[in-house]
Every structure is written in C-alpha cells, then in structure tokens.
Amino acid sequence: MARAVNNKRRAVVTLIAWAVGIAIFFPILYTVLTSFKTEAEAVASPPSFLFFDWTLENYAEVQERSNYFLHFLNSVVISLGSTVLGLIIAVPAAWSMAFFPKKRTKDILMWMLSTKMLPPVGVLVPIYLLFRDASLLDTRTGLVIVLTMINLPIIVWMIFTYFKEIPGEILEAARMDGANLWDEVVYVLTPMAIPGIASTLLLNIILAWNEAFWTLNLTAAKAAPLTAFIASYSSPEGLFYAKLSAASTMAIAPILILGWFSQKQLVRGLTFGAVK
Amino acid sequence: ETLTIATVNNGDMIRMQKLSEDFTAQNPGIDLDWVTLEENVLRQRVTTDIATKGGQYDVMTIGTYEVPIWANKGWLVELADLPSDYDVDDLLPAIRGGLSVDGKLYAAPFYGESSMVMYRKDLMEKAGLTMPEAPTWDFIAKAAKAMTDKDNEIYGICLRGKAGWGENMAFLSATANSFGARWFDMDWKAQFDTPQWKETLTFYVNLMNEAGPPGASSNGFNENLALFQTGKCGMWIDATVAASFVTNPKDSTVADQVGFALAPDNGLGKRGNWLWAWSLGIPAGTQKAEAAQKFVAWATSKSYLEMVAEKEGWANVPPGTRKSLYANPKYQAAAPFAQMTLESINAADPNNPTVDPVPYVGVQFVAIPEFQGIGTAVGQQFSAALAGTVTVDQALQSAQQLTEREMRKAGYVD
Amino acid sequence: MATAKSNVAARIMISPAVLLLLAWMLIPLSMTLYFSFLSYNLLSPGMERWIGFLNYEYFLTDPAFFSALTNTLILVLGVLIVTTIGGTLLALLLDQPIWGQGIVRILVIAPFFVMPTVSALVWKNMFMNPVNGLFAYVAKSVGLPPFDFLAQAPMLSITGMVAWQWLPFATLILLTALQSLDREQLEAAEMDGAGPFSRFFHIILPHMARAITVVILIQTIFLLSTFAAILVTTNGGPGYASTNITYLVYSQSLLQFDVGGGSAGGVVAVIIANIVAIFLMRMIGKNLEA
Amino acid sequence: MGSITLSNVKKAFGDTVVIPSIDLEVNNGEFVVFVGPSGCGKSTLLRMIAGLEDTSGGTIAIDGQDVTDLSAAKRGLAMVFQSYALYPHMTVRKNIAFPLKMAGLPAVEVDKRVAAAANVLNLNDYLDRRPGQLSGGQRQRVAIGRAIVREPTAFLFDEPLSNLDAALRVNMRLEISELHQTLGTTMIYVTHDQVEAMTMADKIVVLQAGRVEQVGSPLDLYRNPRNKFVAGFIGSPKMNFIDGEEAAKENAATIGIRPEHIELSTESGRWKGTVAVSEHLGSDTFVYVNVDGVGHLTARVEGERPVSHGDTVWLSPVAGRIHRFDAQDMTL
Amino acid sequence: MGSITLSNVKKAFGDTVVIPSIDLEVNNGEFVVFVGPSGCGKSTLLRMIAGLEDTSGGTIAIDGQDVTDLSAAKRGLAMVFQSYALYPHMTVRKNIAFPLKMAGLPAVEVDKRVAAAANVLNLNDYLDRRPGQLSGGQRQRVAIGRAIVREPTAFLFDEPLSNLDAALRVNMRLEISELHQTLGTTMIYVTHDQVEAMTMADKIVVLQAGRVEQVGSPLDLYRNPRNKFVAGFIGSPKMNFIDGEEAAKENAATIGIRPEHIELSTESGRWKGTVAVSEHLGSDTFVYVNVDGVGHLTARVEGERPVSHGDTVWLSPVAGRIHRFDAQDMTL
Ligand SMILES: Nc1ncnc2c1ncn2[C@@H]1O[C@H](COP(=O)(O)OP(=O)(O)OP(=O)(O)O)[C@@H](O)[C@H]1O
Ligand SMILES: Nc1ncnc2c1ncn2[C@@H]1O[C@H](COP(=O)(O)OP(=O)(O)OP(=O)(O)O)[C@@H](O)[C@H]1O
Ligand SMILES: [Mg+2]
Ligand SMILES: [Mg+2]
C-alpha cells in the first residue's frame, strides 16, 4: 500500500539523489572523459570536462601496444569458467544444507566463509609450487581452479540463501508427482532458483573479473586476464593519464556494462539472506 | 617454438615489442609472447619464477642488480654463443662490467642509464645563475631556492621521494656516495648512524622542503617526469633516459629549454650518479635457450639500433649500451644529451662506489638478495622523513635498527 | 521432509564442496606452516634450514608489525563505518520515490564494478595528486594550499578510496533490506506518534540490523586482505603509515622474498583473521538466527 | 469524545478516482463497520481518516475540528492493521509502550498503563516475549494493546481478524466487542466478512466502488436492504436471486429469498427440484437444489434432514420474506 | 482401487513421540477427514501415508500391499498442499502435466489428460498463465488438477482451504465434494475446520496427541461422541459443558448441551441468567448468557430475537439432547 507522495517533495529528493549519484559516479566519468583527451589536456589546469578536442588516439595506442582481445578473452573464460564450476559444486551443497539442515549446517557454512579470510599472500608460495608441479602456471585451467576455490564459499552462501526461500513443500509436491531426486533438482529446484543463480553468477563474475592477486601472480602471457593488462599501464614511464584512462576504461567497460544491464538481477541476489 | 618474454613497460621496451616483427621475419618458426608489466610487478614475477624454477619465461628483462646475484647462483644462461657481428667489445665497459661475473656475460644490455641534472635554462637565467657542467650540491641548493616560485607552481628542484629501493633509495644511495656515506662498512655493519648519512638526509629533506613540490614523498620517476614536462620543476636529478622525454616536444611543454649537467658532488671524489641497465637474460631452466639467445642478440644488436633510428629517428634509439652509438655523429646531432649521458655512465663505478671501501658491488644498490627488502624498508623511513611524519634523526635511527636486524637475521653479522 | 534415503543423498551432495575447500585450506596452509619454521629465502634456494620460532620472533618484533595491526583495524573499521552509515543514508535516499530512480541506482552501483587497481590508480593520479589532481585544483581555486593526501593522511585516503568501492555494495544490500520493511509498520509507528527520527531509530534501523550484519561480515572478509589499493598508491608508506598486515606479509614474501618470514607473517595473519572471524560469526550467528 | 465527520471526501490516485465523494457521520462511541467487495475503497477511506493518506478533496473533522491537514501522529487516533504491524524487534511490553514513549510519558506512568492494558487483554504472561514467539491471536491482542494504551479518541481497524483461523476469529470478535462495551470509544472497523459486520456493528456502511450504498444497523440492512447489492452482500449463505417468470409473478424484475427463509419439504411446495449437494452440519443442513426454470437455490434447514444428492424436494419461500427489486436493482 | 491400512504405525522425532501407535482402515472410495487440535499429528500422519516421512514403526499398506519402505514417488498417491506448492516457473498447463511427464507418458496422451482435467476444474482459460497470475481459488484448483490428472489411487489433502478467504472456502469445499462424487476416488483430508469436516466427510477421524479418539460418520460423531473431547470438538458453536450440581442431577460428572439444543425464553425455563452478548446474524442469533451456579452458556436461536446485553432470560435444554460424561470424560 504505497502512499501517494506530493510532487514538490519528490522534486527535491530527486535533485539530491541525482547530485549524490553523480558525485559517486564522477571518478568513473572523469576517467572515461580523460581517456578521450590528449596527454597534455589530461593534466591541463584548469581541467576541462567536455570542451576539449575529443580524440581516440589513446585507444589506438593502447590497442596497438597490447593484445587487449587476448586479455579480454582470458578474463571472460576465467571469470565465467570459475563461476560455472563453482555453481556446479555449490548447488548440490546448498541444496543439501537448505533442505536437510543438520545441527552442524550453520557451522559448516560459517567455516566455509571463514576460509575466505585466509590472506592470499600467506599461501602464495605453496600454491605457486603446487601449480608449478602440476603444470598449471599460466594456464586458464589453473586460474579457473583458484578462483573457483576462492569464490566457492560466497557462491554456496548465496545459493543457500536462495534455496532457503523455496518452500520445502514444492519439492515434496514434486516427489509426490513421481519425480526422483534428479528430476526434482533439474525440473523444479534449479528453474525456481534461476533468478538467484543468475545473480550469483553475476556477482561472482564481477569478483573474478576484478581479482588481481592470483590472476597476476599465476599467469605470464597465455592466460593473463585484464588485470595483467592494467598492470602494464599502471606506471609507465611518465604519467600518461590519458592512456591510463583509456586502458582503465577498456578494462572495466565490459563488466560495467554487464553489471548495468543486469543490475536488477544483481540487486535481487545481493541480499545474502540479509533480508527476511 | 614460442618464446615468452617478460618486459618492463617503458617506452623503449614497448617500441622493441612493436619492432619485433623484424625478428620473427628473420626467424620463421619462432613466435613471441609478450608479458609487459610495471617494474615492481615484473621484478616480483620473474624473481618468483626463476627462484622456484617455474619456467614460465624464456627471456627476462632484469637489471644490473639481479644479474650478478642470479649469475652467481647459476640461474642464468651464459651468453656465450652470440653471433660474430654482435661485437661484445662495443658494449660500454661500465655496463658490461655490471652484467658480467668472472668476466662472463650473463645478460645483454638493452639500454643503460646513469643519472644527471636536467634543468630549465630559462628559469636558471631568470634566477641570474649559470649551471656549471659539473655542479656541486651547494650550487644546486642555491639555484633551487632561487628558482622556486611557489605561487606560480614553480618548484626549484624535483627529486624522488616515493619509497622503494629502486625509487628514492636509488637517488639517495647515489647521493650519499657523494657525501661520503655508505650502506655498510667492511664488516657488513649498517652505517646510518654516521654523520655522513645524517648530513645527506638533512640536506635532502631541507632542500625539498624549501624548494620541492608538494607531495614529494610520493613522487617517483613518473611523477617527477610529469611535473618537469608540465613546466613545474626548475631542476630534476634523475635517470639519463629522461632526457629524451623532456626534450620531446610532443610530450613536453619545455622541450626547448632543457639543459643538462653531471650529477652534483661534494668535492669528495664521488658524484651522486648511479648506473643501471635494463638487460635481457635467459633463465637457466628454459628449454628454448638457443632461440632465446637469438632473440637477445637481435634486440641488443647494433642493427637493432640502426633499425630504430631508421624507423623512429636517432633520438629514440635505446641509449647507454654501445660505444659506437656515442661515436655516431648522427646520434650526437639528434641527441643533445648524448655526451652528458656517456660521461655520466662512465663516471659511475659499481665495483668501487663509495669514498670509503665497502664489501659490496653496486652504486645505488647493494648486490645482495636481502637488499630489496632492506632498501625498501629504509626507503619508507626516508620517505616518512620527507613527508615530515618523523624527524631525520628518527628516520636514521629506525633505518639503522631495521638494517641491523635484517642483516642479523640473514646471517651477515651475529 | 527428511527420509532416510534423502539424508544419505544430502551427505553425498555436500561432500565435494566441503572436501575441496578443506583441501584448499589445509594443503597450502600446512605448507605455509612448515615454511614458517624454516630460514627460507627464495633467492637462496637450497639453503633452507630449521630455525624454530625465529621467523615469528622477527615478524612479531618487527617495528612495522604494530602499525600494521593498527592500520588493518583502522582500514577495516573505517571502511565499515563509512559504508554502513553512508550506505544507510543512501539507501534511505534511494528508497524515496524519485524520477529516474533506475539511472541513479546505476550511477551509485558503478564503483563496485571497477577493478581495485584501476580505482586506486584513478584516485591517486587524477584526484589526490597534489599537483595535477582534481582535488588540488579545487583547493587552489578556492585559495587553499593543495593537500598532499597520500603523504599527509595515507590511511585516511586509502580508507576513502576503498570505501568508495564498497559503498555501492552496502547501499544495495541495505536498500533491499529497507524495501522489505513492512510499510504498515512504519504507518503503525506514525499512528503511534513517532516522528521521522523516531521512526528511523526505533523501526527502520532495528529492521536493518540483520542486513547491516551481513554487510559487515562480507566486507570484513574482503577488507582484511586489502592490498592492491596500498600497493598502487603508497607502497605502505610513508614509513609504515599505510602498511597493513596483508601488505606487510606481501612485502616480506614478495619484495624481500623471505618465504620463511612471510610464511610466519601469513600464519599470524591467519590467526588474526580467525580471531576476527570467530568474533564476527558470534555476532552474525546471533543476528542471523533471530 | 470521538465523533468523526466526513464531508464530501474525495480520493484519486493520479487519474484513477477511487472515491468520488463520500459524506459520513460517525457518532461518539459508535461501532461502525465498513463492508464492501475487495477494492471498493474501504482501506483507502480508513487511511484517510487515520491521516496516512492525503485527501484529494473535502474535509475530515474529529469532534468538530477540521483535521484534514493534520499529520497522522497528531490526530489522536489509534489503528490496528491487518498484518498487526507489530515491531518484531521489541518485546510485547515495548511494543505496547511505544506510543507512550513517543508521547514522552514518564516511565512510571508508562509501566502503569502497559500493565493495565496487558491486564485487560490477558497478556500478562507474554510481556517479555517477542512478537515472533506469539500465536496469531496473541499478536492480534498485542496490536490492540498498542492501540488502547494511549486512550485514543477513536480506534480504526483494517480487517484485523482476516489473518486468523476460523475458531480464533470467533474469539477475537467477541473480545473486540467486549472491549468496545468496556471502553465505550468510537471504533471504525473494516472487514469483508459479513458475519463480523453483522455481529459487531452498531452501524454498517456498505461501500461499492467508492460510493456508500447504504448505512444502517445490521438488522436494518438484513431486513430492508436498499438495493440488490446490499441484499446480496448482507447475510450468509447469500440471498437467492430469481428473475424471469417467477419474479414477474411478484411484480418485480428480480426477487430475492434468503436460504433461511426457504422451507424444504419432501412432499410438496412451490418449486420442485433435485438436491445437488446437502451439507450436514449437525445443527443445520444446507441444501443446494437445482430447480428447473428458476436455477440453483440454497436452503438452510435447522437440525438434521435426511436429504442427499439426487433426492427430489420441494421448496417454498416463507411468506413476507420475499425481497423485490426493480430493473435498476432498487428495492421496491 | 484405493484402500489404505495403517497397522500399529508409530512416529517419533528423535526422542519426541508424536504418534504412539495408530491403527486405521480407509476403505476404497471413502472420503476420510482427519481433525484434531493443532500439533496433534494430523499432518505427520498424512505425510507418512504419502511417503514423505519415514515411519518409526508399524506398516502402511495400500490395496493390501505393504508400501512402508516405498518412496513417495512410487506409492501412486497424489497430494494437495496447504500452500498449493505449485511450480511458480511453469504455466498452469505445465504444472498439471508435470506428474505425467515424470511418468513418461507420450505427449499426446499428456495433452489429452491435461485438457480433461482442465475441463473438470474450469481452468481452460488459464492454462497459459503462471501461478503468480492466478487468484487463490484458481491456484487451489490447479493444485487439485495436478493431483487428479494422474488418476492416483488416493488423494491426500493437507488443510487445502485454510489459506482462502471465507467465501471462497465455501465454494471450494463444494467443488471438492463434487469432485469426490464424480471421481469416486479415496480421499484423505486434513483440516482443523470442523465445518469442513462435517460437510465433506464420509468418515471423520478425531485425533488428539497422536491418538485416535473416535472414528465415525459426521452425524454419528455429532450425535454420539465417545467422550467429552470429541463432543467439544465437533459442532459449532461449541457444546456447552456444565459440571457440579446440575450435572449431578443427571447422574453425571459433566453434562453437555449444544447451543442449538437450548431453548431461550424471556419468561421461564430451567436456568435463569443475564445476557452478556447477543450476536444478531439475521438468520440466527447467538446469545451468550451468564447463569449463576452454572457458568457461561451459549444458545443459538433461529431468526431474530430482540434480546440484548443485560436482559434476563431463561434457558432450557431440549429433552433427550443432553450428553452425559463420567469423571474420565467418557460418554455414559
Ligand atoms: N497507492 C495506490 N495507487 C493507485 N491505486 C490505488 C492505491 N491504493 C489503492 N488503490 C486502488 O484504490 C482502490 C481501493 O483500494 P482499497 O485498498 O481501499 O480497497 P479495499 O476496499 O480496502 O479492498 P480490500 O478488501 O481488498 O482490502 C483499489 O482499486 C486499488 O487498486
Ligand atoms: N520435523 C519435526 N521434528 C520434531 N518435531 C516435529 C517435526 N514435525 C512435526 N513435529 C511435531 O510433531 C507434532 C505433530 O505435528 P503435525 O504437524 O503433524 O501437527 P498437525 O496436527 O498437522 O498440526 P496443525 O494443525 O498445526 O497443522 C507437533 O508437536 C510438532 O511440533
Ligand atoms: Mg483493504
Ligand atoms: Mg498440519
């Protein structure tokens, strides 16, 4: 029963909200704008916002200098791969925890989350050695494995909270309708959890896309994703703001666009059971 | 066969990457994969890889700091089979010395650098001073104060302040040499409690406070370059390679006003300049050593220099490696800083860097594995002193303590 | 709903996740534990030797350790405070009927999608740089001397940057929580004579307690290992002013290549993380039950 | 005191007019029930009286004083919501004390009043529980407790019993009626359950599409519905409507007979039909009969009548209990 | 066929014994209703029959065949849940077709059967909607459709109407009864609404604390309750119980009289009392009377009786309608 609101108040609130929104977004906007400036304009004082000579030369140069497409492809494969693999492992676990809760279930869940608190640097050398011995260094497979393990607790938790919201009666109904375990999961549970699974997918793609420690340390050339691409611009000789901005824009644009298009999904899923 | 090459993301390396088609054309069957990283990340990556025998790279870009250490451990392939036209003897002796162990060459220099003074002729003139070819620190201090005009965002001197053994400590170690200070005495005892260091650091901090730009404690090479190029610095003491950037009218607003001088001294017989060379080395574990050596030879050859000159002009040739380049009149004409660069490089002596004798090799670094950590930690202290969060005395005291600590832990002293 | 058969199935289904995570945690961790008792420098391979607790002694007496501990706390708490308070306010704002709500929400979410490295680079170079940065420009144009954020107030600056990244996350969760509040409760409070502030403190805030807990939990997990923002901007300096535990361990193991010392630091960090975890889980457990 | 007067009150959401115009007088101490089909504007009207919704026109006066522009908090009314709207994080005690706390009463006074309210509502044993630990009926009582503790000028109830199960609903209905007798405060009560309306109201307001169809006492509406809508709406089971020939015989477009006013015989009567379903409640029997040319008729018979599916029966309306409607559905 | 036999069936959750031991026979084609207070084990029993819950002891047989260890999917029963448990991501058509799909029927056959079920339930117009776009009653029908489409040996219903509002509940009740008449399949129906129990059941099973109190036809239970519990549970409004002196007069520990079996007079009668509340429904009047030395009695009077709060009235039980119970609450 939403209450009708008068327009004057609405206008004021709209104004404030837009101001705040633009302020928060400003750094990104400014980066994108800078990517279209020449280097000289990028550091000019006073800074120009829209009235400058728009140029694409930074993009051209970045493109020429590094194989953006390869990095992009690696990012896609790694973030998608790790998320999908994570889902495959997490869905059964979450199913089990949500519909067959045991005394220990919550402890297990919390333990899973606590593994995320391991500082990655603490275990880099062991992992590096293990990966070397397994010939996983600089392979997409290796990164998919690492990122899967890193994000698995989050995936499990998210899916778990989603499954929790599905009434057990529906699964029982399916059982009464003659569905076996497999039918139950495939035809009933999974489709019902699609929105949740979609948002889990999204959040984890974002997390995997932006993960910059393992992706940087376990790759060289073949499997290096966009984080490595950025690392090659982070401090070139001379502060080339414009080129840096162009590279940054290219690195974050795909995920930003994906995020924007799917923000409704994302918002719905981002509750982590925080909302009852 | 695919060679994986780790390079640092500076302009010369990037240019090499672009020109590498020449190599693949000459050597069908060899493909190149590039891993271009920012300096610190690169160092971390290649060191981890070579130390754990990860085998991810076939050619690594490394500096004069790593080469002697790694070569001693047998991690690098000796460059013995260089083609006859390579002309090893053409390499500048100081550089070649830094890349050799027991007379054997373990990495080929891609470009070399020292440090020198770059200054704005117009501002110097305005201040009523003339820059001598080999200035003293006193002159630098005087000139810096005279040139400073903070209201118009003109700062007399820009120096490195960002913490890091390759950042502020490169500059400060080299400067300390000219003040008669050293890292260790012959018993590996840290020397930060000596008056020489105190003098060095006091001078540096005072100078920067009076005539330096704001935020100097986070300025490294890049930040200072940007400042200088936008006309905000009167003087800048830094790597010789910067010369080609600050004189390039495309990027620099002050290109035609730049003058050069040797790094300053204090009359003690050592100048405050360093020696560095980015070089290409081949890790011992690689299966593709032969192809890798071909590539290294190509990238550091005379013909590569000529190719760059032909395509991009002489001013853009990677400097500091070959005598023949400095003898080349075309290069001298295109690069007004050539002479000064050569002199600076020749003035540095890695094997004998300080006024008093030391047990280590290296001008602006100490070629022991522990130095990266110690250097950076000390750099943090000095950076804090510059930022004003600690006093010079406190910074020196902490530096002394932590260095002693680490050296004890590493077993150099008991 | 449980029958004996489905209980067995449930056990089987959960085991891959548990076993994998167990392996992922135990194997590297035990290696790290082993290394932490060795004198093991990556640059001196073959010279490893057993030195007992010496690495721990060095790590814990390192003058950087204490500031790293405080900095870790400052960063985590600082970001949490900024994001929960800011997120709550933003959620309240976005919950109001406004024109173009979708677009505003997109604007607010955006920072969450930005790679931490990119964000750090952008803030450091384009905003906080005391000469060329936008903040300096603004300061100068109102006649103030530019402030050197990263040197004079490194933790504050880093906290600000990281908070900017996490604010959207907090906002989103809190907004969803807010929207799940039964409108009738607010109306009931209104009928009971509660003004806007009373309604906020007595009704809205308690309702969001659970969501706030979740925000705190998730963010703490990520914030404890903040590292890119520090590496890119200050390298932990000046001095140790912006070194946190993660960065300290990083510098031990990857700048000094002292694997032994780094591992000892890693173990210490794990212990600290677990203390925080236990503390958090207690809090969460309580809040998630209700 | 607690008289409420609506004059020419209108409400539109954007372009949708929900309430064209309503005039209504609620006297002090009266128990007024709003009934009407879903979406007819009952809640909206109540919420306008509460001050939770702006009016689009007209004035609302409480005790003669115009409160149209006063905020909800200042009208001195109390409201019990369908969902109870208890504060889930507060104990029962705190829930009940909340309005007093907002009014800034001293703690001693608050405690005294809460204790009194708890006594009235039999909530003493639950004061330290949270709403989540209470049963539906207890929650409902807490919601009422929160309303009465403040001694408001009038109570507003929006379908307060619709979330309870049948048995509990009967109990709570009685409790609310008793409360009204005890307190004597004006109450406005929205429901779509006409048993509640009939048993509780002093005055029923029948609404349809935002318009008042009829206002009157329950028995008044039962006996003399103004039109077919009211006739059908009041009474359970629903009145049987017959049109066509049979209605014409009575000089009406439609006639209506309540199930309890139909006599059933297995031998003779006015209409002959077959039993479709018969429901035996013990106390009564509901018989659903198909009558040729008339349609489905429901008859209520007291006690147990041994009729079942397929039996042939005769139905006859009780004399004088036939309602007659014209073509415009108005009572003749 | 669809006879269900429970022999000595037990259920315990951990240490809590919910059902000590139950024997029950459901005949083919019977409509059996389980009633009992909340928590008495109705749902548990139903779920054990369905196979959704393991038994802790005893055997369950369907058509003479022991199914105790068979999974729910294989017992050939259909269940309608309180929450409907529709698959929200499937259209109505797919929901109804789901059990057939699971059974692996060919598409043509599936379509035919779905169409038939939709016809029976008047769902033709909604086949392509999702459950979210349906009203409560329609959803309920889809749930039933999903159950009947498979032609199960028996239907199980767990409080299928408790989420519907009063009016709809009456309709759906009739529809389910008709369905039973049409299909003739065994149905087991759980409810706590005794109107439903009375009107729908062939046989009512009254449960208390996991034990069967009485089994019998509705009117049987209404007329001859085995004990006080059943007597109080069946019938609405609830039976009046009187103990003490008045009961002793009838040679019983307690006597019980149903409200509809009390005659009310304003002049004379057995018990004199004052009216506490009178509820006028039009068709009936419920009068709540306080009688000194006897207690609160409820009387139901047909039609409208002009009694109100405070009036003095006399109440008399209808002869032969008094139920007598001994000290162990068993009927005498
Ligand atoms: N905020 C709103 N915006 C637009 N229309 C609304 C709004 N609130 C209610 N309405 C419309 O006003 C009409 C009356 O709604 P109201 O809630 O008062 O009905 P009601 O009589 O209480 O119905 P119910 O018995 O279902 O509660 C409905 O048609 C509804 O759709
Ligand atoms: N999974 C379970 N674990 C422990 N106890 C349970 C479980 N399920 C039910 N019970 C207990 O078993 C008893 C019977 O429960 P059941 O749900 O069968 O009651 P019911 O008669 O259906 O009640 P209602 O009318 O409220 O639905 C209750 O006391 C309940 O608390
Ligand atoms: Mg309503
Ligand atoms: Mg039940």
Side-chain angles (χ1 to χ4, degrees), chain D residues 37-38 135 159 161-163 165-170 173-175 177-178 181 191-201 217-223 234-239 258-261 276-286 288 298 300 302-304 306 308-310 318 321, chain E residues 37-38 135 159 161-163 165-167 169-170 173-175 177-178 181 191-201 217-223 233-239 258-261 276-286 288 298 300-304 306 309-310 318 321:
Chain D
S38 190
S135 74
E159 311 202 12
L161 305 183
S162 65
N163 279 351
D165 72 22
L168 206 52
R169 209 143 46 196
V170 175
R173 195 170 85 199
L174 286 173
E175 283 184 25
S177 288
E178 276 173 25
Q181 275 168 21
T191 182
H192 60 248
D193 180 322
Q194 49 89 26
V195 177
E196 279 172 31
M198 292 299 286
T199 58
M200 303 174 87
S217 76
L219 290 181
D220 200 27
L221 299 189
Y222 178 79
R223 289 186 205 130
I234 300 291
S236 160
K238 219 165 127 19
M239 185 184 276
R258 299 196 185 276
E260 56 269 34
H261 301 144
V277 180
S278 71
E279 291 186 340
H280 301 272
L281 289 166
S283 51
D284 307 279
T285 309
F286 292 141
Y288 303 88
T298 308
R300 194 185 96 159
E302 242 207 317
E304 302 135 30
S308 60
H309 181 70
V318 174
R321 290 298 204 169
Chain E
S38 189
S135 75
E159 309 202 12
L161 305 183
S162 64
N163 278 352
D165 73 22
R169 207 143 48 195
V170 174
R173 193 170 86 199
L174 287 172
E175 283 185 23
S177 288
E178 276 174 24
Q181 275 167 22
T191 181
H192 60 248
D193 179 323
Q194 51 90 26
V195 175
E196 279 173 30
M198 292 300 286
T199 57
M200 304 174 86
S217 76
L219 289 181
D220 201 26
L221 298 189
Y222 178 79
R223 289 188 204 126
F233 203 81
I234 301 290
S236 160
K238 221 165 127 18
M239 184 183 277
R258 299 198 184 275
E260 56 269 34
H261 301 144
V277 180
S278 72
E279 293 185 339
H280 301 273
L281 289 166
S283 50
D284 306 279
T285 309
F286 293 142
Y288 303 88
T298 309
R300 192 185 97 159
V301 202
E302 241 206 317
E304 302 135 30
H309 180 69
V318 174
R321 289 297 205 169

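Sequence lines set the chain letters: A, B, ... in the order given, protein chains first and strands last, and positions in each chain run from 1.
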Who wins among [options] for the most heavy-atom pairs under 4.5 Å with chain D?
{"options": "E/Glu279, E/His280, E/Met198", "result": "E/Glu279"}
{"options": "E/Val277, E/Thr199, E/Thr285", "result": "E/Thr199"}
{"options": "E/Glu178, E/Arg223, E/Met200, E/His309", "result": "E/Arg223"}

For D/Arg300, give me all partners under salt bridge (Lys or Arg N to Asp or Glu O under 4.0 Å), at least two apart in sequence or on another chain.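 With neighbours one apart ignored, the set is D/Asp284, E/Asp284.
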What pairs with D/Glu175 under salt bridge (Lys or Arg N to Asp or Glu O under 4.0 Å), at least two apart in sequence or on another chain?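 Result, salt bridge (Lys or Arg N to Asp or Glu O under 4.0 Å) vs D/Glu175: D/Arg141.
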So how far is it from E/Tyr288 OH to D/Leu174 CG, rounded to the nearest 0.5 Å?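 Here the interatomic distance stands at 4.5 Å.
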Report which part of [X] has an atom under 4.5 Å of a heavy atom belonging to chain D: side chain, backbone, both, or neither.
{"X": "E/Ala197", "result": "neither"}
{"X": "E/Val195", "result": "both"}
{"X": "E/Leu219", "result": "side chain"}

